[in-house]
Amino acid sequence: MLHNCPLPRLWGLSLLGTSLRVYAGDVATGELEPVFIDRPSPSRILPRDFLEGGWNIDILSQEGFNKMKEIVKEIIRNAAALEIV
C-alpha cells in the first residue's frame, strides 16, 4: 500500500481495547516507524515482553486525543495540497 499512497505519509493504527499503536510509512524513502521487529523465534513462541509498550497511548486520554488530531490534521493538509479532499 505504501507505494500506492498519494500522500507523503501512510498512517496505520492498531487498537487493543483503548490502547493505540501508531504506524507511519514514509512514501519517499519506504521507511516504517516504528521499525519492523521480526518474530524472535521461529518456534512461534513469543517472549512475554515482545512489543512491550507498543500500545502505550490510551485513545481516551488527552494524549490519545492529541495524537489523533495530529494525524488527521496532517492527512487533511496533505490531501488539500493534492486537491483530493
Under a single-linkage definition using a 4.5 Å side-chain heavy-atom cutoff for Ile, Leu, Val, Met, Phe, Trp and Tyr, are L82 and L2 assigned to the same hydrophobic cluster?
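Different hydrophobic clusters.
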If hydrophobic clusters are built from ILVMFWY residues whose side chains come within less than 4.5 Å, do L60 and V22 share one?
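Shared cluster, yes.
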Check against side chain to side chain contact (heavy atoms under 4.5 Å, CB included), L7 and E74
CA-CA 10 Å; L7 303 176; E74 180 182 316; over 6 Å; no
Would you indicate whether the side-chain heavy atoms of [Y] and [X] approach each other to under 4.5 Å?
X	Y	result
I76	V72	yes
I59	L15	yes
V27	P8	no
I71	L13	yes

Partners meeting side-chain contact (heavy atoms from CB on, under 4.5 Å) with [X] (sequence neighbours left out):
X	answer
E70	K67
N66	Q62
P34	R21, Y23

If you round to the nearest 0.5 Å, how far is [atom2] of [Y] from [atom1] of [X]?
X	Y	atom1	atom2	value
L32	D26	CG	CG	9.0 Å
S19	N56	OG	CG	8.5 Å
N78	R9	CG	CZ	8.5 Å

